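Notes follow once the structure below has been shown.
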Number of protein chains: 2
Amino acid sequence: MTDTAKPRREQIHDVASRLFSERGYHATSMRDLAGELGMQGGSLYAHISGKEELLIEIVRGASQQFDDALFSLRDLDLPAEQKLREAMFRHIRVVADNMDSATVFFHEWKHLSAEPYARVVAWRDTIDTFYRELVAQGVQDGSFRSDLDIRATATLILSSVNWTYTWYRPGGSLSPRDVAEQFADMLLRGLRADGPEAGEAP
Amino acid sequence: MTDTAKPRREQIHDVASRLFSERGYHATSMRDLAGELGMQGGSLYAHISGKEELLIEIVRGASQQFDDALFSLRDLDLPAEQKLREAMFRHIRVVADNMDSATVFFHEWKHLSAEPYARVVAWRDTIDTFYRELVAQGVQDGSFRSDLDIRATATLILSSVNWTYTWYRPGGSLSPRDVAEQFADMLLRGLRADGPEAGEAP
DNA sequence: CCTACCGATCGGTAGG
DNA sequence: CCTACCGATCGGTAGG
């Protein structure tokens with residue numbers, strides 16, 4: 001109606017994200033994609049160089065969003081607990097605000113060819129490290145339990161935030177902040193009732 | 001060498017699980033599958049009726065394993081905390097002992113046709129319910145915090161056990177029991193140091 | 001379990 | 001951005 005239309009390339013990426021997330025990369029044909037954009041299959045190649053380029057850019061875009069959200073936290077001088085809450089919130093928000101590309105990111109990166117594949121593997125490592133450092137900081141300053149296994153703790157945190165792509169529904173009653181606060185509360189305080197000290201061994 | 005060979009059908013399912021988990025369902029051709037079994041593409045159809053039958057059986061087999069592991073716990077008279085520990089252990093063990101079919105289960109079920117697809121959706125609901133009931137029991141008997149959100153708690157637990165399919169390595173140093181105990185300890189006790197009561201709000 | 005084949009569809013290109 | 005097309009490959013079948 002007006003000239004608020006997105007650039008064609010961006011439209012293609014958006015639709016590709018949706019189709020790849022719904023049907024998977026290999027089950028989505030270039031003709032499916034073109035059809036949703038109201039063009040013929042061959043016409044796509046006036047805008048992009050090939051199918052894998054789309055996957056590469058979707059995956060790169062998703063990892064970039066995580067980087068932007070998390071790495072600015074790295075050198076922030078916050079107590080470990082606050083930093084963890086904020087990291088979980090931002091992490092979940094990236095997933096929630098980009099359900100399609102996040103789903104593609106988690107599900108379809110295995111179909112990348114060698115070089116972009118290796119980049120994803122390396123990227124995963126940087127995120128692991130980010131959360132491990134965050135946990136280590138909390139252990140060192142005494143706010144987290146000293147008997148925590150750093151790797152396992154980081155993995156547990158990552159499980160909680162990453163798995164959201166499987167169940168979160170953007171239009172629902174839970175905001176990313178709600179989810180993050182619920183999860184962080186449970187992780188930090190534990191599920192056990194306090195007070196009379198629930199029995200350890202029966 | 002001896003006659004310990006598995007039935008051909010079982011071999012086909014095992015190889016299909018591996019290929020589907022490594023490459024995805026649609027990126028695995030029947031000729032790929034036949035080749036790994038030392039036969040021609042068309043020969044597969046002497047043993048199976050079609051490609052989707054393989055996916056259906058892999059998915060059905062995986063959900064059956066979870067059912068067998070978890071539902072026997074349902075009416076067991078255990079304290080909630082012990083039941084949670086045992087459920088998490090069994091859940092993680094199913095994933096760890098069946099990395100291929102578990103990966104197919106979590107990644108490829110979307111490619112099922114309407115009827116088996118609906119069965120998976122319904123199944124997921126029974127597992128959700130299982131964990132919610134477990135949490136609710138713990139809240140009722142006073143061993144879990146009374147302010148827990150049942151749904152969120154069950155989701156957090158499920159995140160931790162399901163996500164293992166993405167990082168667990170069966171030959172490594174961590175047994176399913178190790179992982180389950182680490183995760184359950186953290187979830188139950190929380191990450192915070194006890195004692196001087198780490199500050200809630202700064 | 002093989003050979004030989006089917007129609008359908010794939011990603012991508014040429015030329016306009 | 002379209003038409004028309006390319007070789008390759010797909011899942012599956014017939015007949016043995």
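The model shown is predicted, which means the values in this text are computed figures rather than measured ones.
With values rounded to the nearest 0.5 angstrom, B/Ile12 atom CD1 is found 13.0 Å from B/Glu36 atom CD.
Ring-centre distance between A/Phe20 and A/His107: not below the 6.0 Å cut-off. A centroid separation of 6.0 Å or more is found between the aromatic rings of B/Trp163 and B/Phe106.
Straight-line distance from the CD atom of B/Gln40 to the C1' atom of C/dC2: 7 Å, rounded to whole Å. Atoms CG (B/Leu33) and C1' (D/dC10) sit 14 Å apart, rounded to a whole Å. Atom C1' of nucleotide C/dG12 and atom CD1 of A/Ile48 are separated by 10 Å, given to the nearest angstrom. With rounding to whole Å, B/Met30 atom CE is found 6 Å from D/dG12 atom P. Between the CD1 atom of A/Ile12 and the P atom of C/dG12 there is a distance of 13 Å, given to the nearest Å. B/Leu54 places its CG atom 13 Å from the C1' atom of D/dG12, with the value rounded to the nearest Å. Between the P atom of C/dT3 and the CG atom of B/Leu44 lies a distance of 14 Å, rounded to the nearest Å. The CD atom of A/Glu52 sits 13 Å away from the P atom of C/dG11 (whole-angstrom rounding).
DNA chain D is contacted by both A/Ser43 and B/Gly41; A/Ser43 maps to the nucleotide lying nearer its 5′ end (nearest heavy atom per residue). Annotation: of the two residues near DNA chain C, A/Ser49 and A/Ala27, the 5′-most nearest-nucleotide partner is A/Ala27.
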Output field dot_bracket for DNA chain C (Watson-Crick or G-U, both distances under 3.5 Å, | for other-strand pairs) contains ||||||||||||||||
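Distance from the side chain of B/Arg31 is smallest to C/dC5 among C/dC1, D/dC1, C/dC5. Distances from the side chain of B/Lys51 to the nucleotides D/dG12, D/dC1, C/dC2 place D/dG12 closest.
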List the atom pairs, donor and acceptor, that lie under 3.5 Å between side-chain atoms in residues 151-159 of chain A and the rest of the protein, sequence neighbours left out.
{"from": "A/Thr153", "atom 1": "OG1", "to": "A/Asp149", "atom 2": "O", "distance (Å)": "2.6"}
{"from": "A/Thr155", "atom 1": "OG1", "to": "A/Arg151", "atom 2": "O", "distance (Å)": "2.9"}
{"from": "A/Ser159", "atom 1": "OG", "to": "A/Thr155", "atom 2": "O", "distance (Å)": "2.6"}

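For B/Tyr45 and D/dT13, the shortest distance from a side-chain N or O to OP1 or OP2 is not below 4.0 Å. Taking side-chain N and O atoms only, A/Arg8 has a distance below 4.0 Å to OP1 or OP2 of D/dC1. A close approach under 4.0 Å does not occur between any side-chain nitrogen or oxygen of A/Ser29 and OP1 or OP2 of C/dT9.
Taking the six-membered ring where the residue is Trp, A/Phe105 and A/Phe66 present tilted rings, their angle falling between 30° and 60°. Classification of the B/Tyr25-B/His111 ring pair by plane angle, with boundaries at 30° and 60°, yields parallel. Taking the six-membered ring where tryptophan is involved, the planes of A/Tyr131 and A/His91 are tilted, since the angle between them lies from 30° to 60°.
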